[in-house]
Number of protein chains: 2
Amino acid sequence: MKKTTKVPKATITRLSIYYRQLELLEFDGYRMVSSEKLAWLCQVNPAQVRKDLGYFGEFGVRGVGYDVIDLQGQIKKILAVNRDWNLAVTGIGNLGSAFMERQNLSWRGFKCVAAFDNDPRKIGQTTPSGLKIKDIKDLDWVVDELDIEIGVIATPPSAAQGVADLFVDSRVNAILNFSPTRIQVPDCCMVENIDFTVRLDILTYKLNHEIGI
Amino acid sequence: MKKTTKVPKATITRLSIYYRQLELLEFDGYRMVSSEKLAWLCQVNPAQVRKDLGYFGEFGVRGVGYDVIDLQGQIKKILAVNRDWNLAVTGIGNLGSAFMERQNLSWRGFKCVAAFDNDPRKIGQTTPSGLKIKDIKDLDWVVDELDIEIGVIATPPSAAQGVADLFVDSRVNAILNFSPTRIQVPDCCMVENIDFTVRLDILTYKLNHEIGI
């Protein structure tokens with residue numbers, strides 16, 4: 001794989017989407033796929049597919065296309081999902097529970113190995129996936145013990161920054177934040193926000209400007 | 001406002017993020033904000049802020065910056081969130097329930113006015129927000145009756161396409177899809193997918209390439 005410097009986040013996002021489509025193509029029995037077909041399936045243009053992959057090397061065969069299984073393996077390596085990652089989920093309400101229920105996460109190697117809350121009525125309870133809900137106060141040593149590398153924040157907004165601080169203090173360098181508030185972390189820590197309203201804003205923009213409701 | 005043609009989706013996404021930061025700035029008592037400060041708060045560069053807004057007209061005052069309240073109003077108009085939108089949520093499990101619980105949605109004008117499921121044990125029950133869960137079979141006439149413009153799919157993957165088809169048949173032209181599967185819809189309908197694994201892939205990529213775990 002080519003040594004990479006700074007690759008656009010949009011490229012990484014699309015690689016993840018290409019990967020998912022390649023899984024489906026394999027499931028449907030395809031051995032090879034053209035950049036045109038992969039692009040069409042992912043709703044981008046073929047040049048984009050070639051450019052995105054081009055950041056990381058030469059994968060396709062000109063005039064033939066990509067080997068569906070080989071390219072999956074390459075993208076898994078690029079995305080570093082060719083191994084398992086341990087996640088801790090904080091805030092075991094409906095959202096945290098829904099996240100832990102996502103079967104495709106563990107299929108993809110994202111293992112929810114710890115669940116935390118600060119509600120005494122929840123602490124000690126067992127989740128449907130069989131995790132005993134732990135006291136958020138114990139986050140630090142549990143992170144060490146279970147080798148947790150990604151923290152998930154599904155708490156109310158008011159608790160999000162405090163939990164983010166706990167993750168940072170525990171040397172968790174990646175946070176998936178579902179709470180509709182921006183959290184501040186040092187540069188050593190990366191945050192991805194999943195903000196429902198941003199996606200709804202995109203839909204309303206398109207309804208208004210592209211369909212003209 | 002300038003007549004717009006095709007604006008990059010990334011610009012619309014950032015406008016939504018600028019809007020949220022402007023709300024926070026107003027809350028903190030700021031009257032004006034420079035593109036530099038707004039950019040810093042949103043983790044983009046100032047030229048990007050000016051370019052994004054430039055698609056829609058001239059908003060800032062050179063050397064002074066943007067009026068925090070005025071720019072919020074302008075972006076609300078651009079995103080078409082200067083009025084309420086009625087949403088229907090399908091699949092009232094943890095995820096659908098978590099979505100309906102999001103108070104910031106209704107603050108932002110996204111009103112969950114109908115909840116649907118196909119589980120006889122859930123149909124007829126009342127959600128914490130006071131909605132009586134309806135039979136998914138009734139989607140079509142409920143959409144008409146309640147003037148629903150955005151459909152939310154929080155069902156298991158196996159049910160997602162069927163629900164999407166129901167929304168399309170009911171002339172709902174915008175779908176927010178939480179199920180980890182691509183759904184096929186005609187061009188008249190727009191879909192935004194919220195796929196947790198894509199965001200996790202971005203984090204693992206960064207952990208691997210930028211921090212070097």
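Here the structure is a predicted model, which means the values were calculated and not measured. By convention in this document, chain letters (A, B, ...) are assigned in the order of the sequence lines, proteins followed by strands, and residues within each chain are numbered from 1.
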[X] versus chain A, heavy atoms under 4.5 Å apart: side chain, backbone, both or neither?
X	answer
Gln43(B)	neither
Arg199(B)	both
Glu101(B)	side chain
Thr11(B)	neither
Ile175(B)	backbone
Phe110(B)	side chain
Ile150(B)	side chain
Phe178(B)	both

Check your understanding: Strictly by modelled atom types, are Thr181(B) and Ser179(B) linked by a side-chain donor-acceptor pair under 3.5 Å?
Key ->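 Checked: Thr181(B)/Ser179(B) side chains show no N/O donor-acceptor pair below 3.5 Å.
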Check your understanding: Between Val152(A), Leu95(A), Leu41(A), which residue shows the highest count of heavy-atom pairs closer than 4.5 Å to chain B?
Key ->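 Between Val152(A), Leu95(A), Leu41(A), the count favours Leu95(A).
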Point to revise | Choice from Gly109(A), Ala80(A), Gly96(A) maximising heavy atom contacts with chain B below 4.5 Å | key: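 Result: the option with the highest number of such pairs is Ala80(A).
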**Study point:** Ion pair Glu192(B)/Lys9(B), N-O distance below 4.0 Å
**Key:**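 Judged by the 4.0 Å cut-off on N to carboxylate O distance, Glu192(B) and Lys9(B) do form a salt bridge.
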**Study point:** Spacing of CG belonging to Asp84(A) relative to CD belonging to Glu149(A), to within rounding of 0.5 Å
**Key:**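 Asp84(A) atom CG to Glu149(A) atom CD measures 10.5 Å (nearest 0.5 Å).
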Practice item. Measure the CD1-CG distance between Ile75(B) and Asp70(B) for me, rounded to the nearest 0.5 Å. Key: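 Here the interatomic distance stands at 10.0 Å.
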Review point. Checking Lys134(B) side chain against Phe116(B) main chain: does a donor-acceptor pair fall under 3.5 Å?
Key: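 A pair under 3.5 Å: no.
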Exercise for review: Check each atom of Gln184(A) against the heavy atoms of chain B and say whether the ones under 4.5 Å are side chain, backbone, both or neither.
Suggested key: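 No part of Gln184(A) comes within 4.5 Å of chain B.
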Check your understanding: Can Asp201(A) and Ser16(B) be said to form a side chain to side chain donor-acceptor pair (under 3.5 Å), step by step?
Key -> CA-CA 7 Å; Asp201(A) 287 345; Ser16(B) 179; 2.5 Å; yes
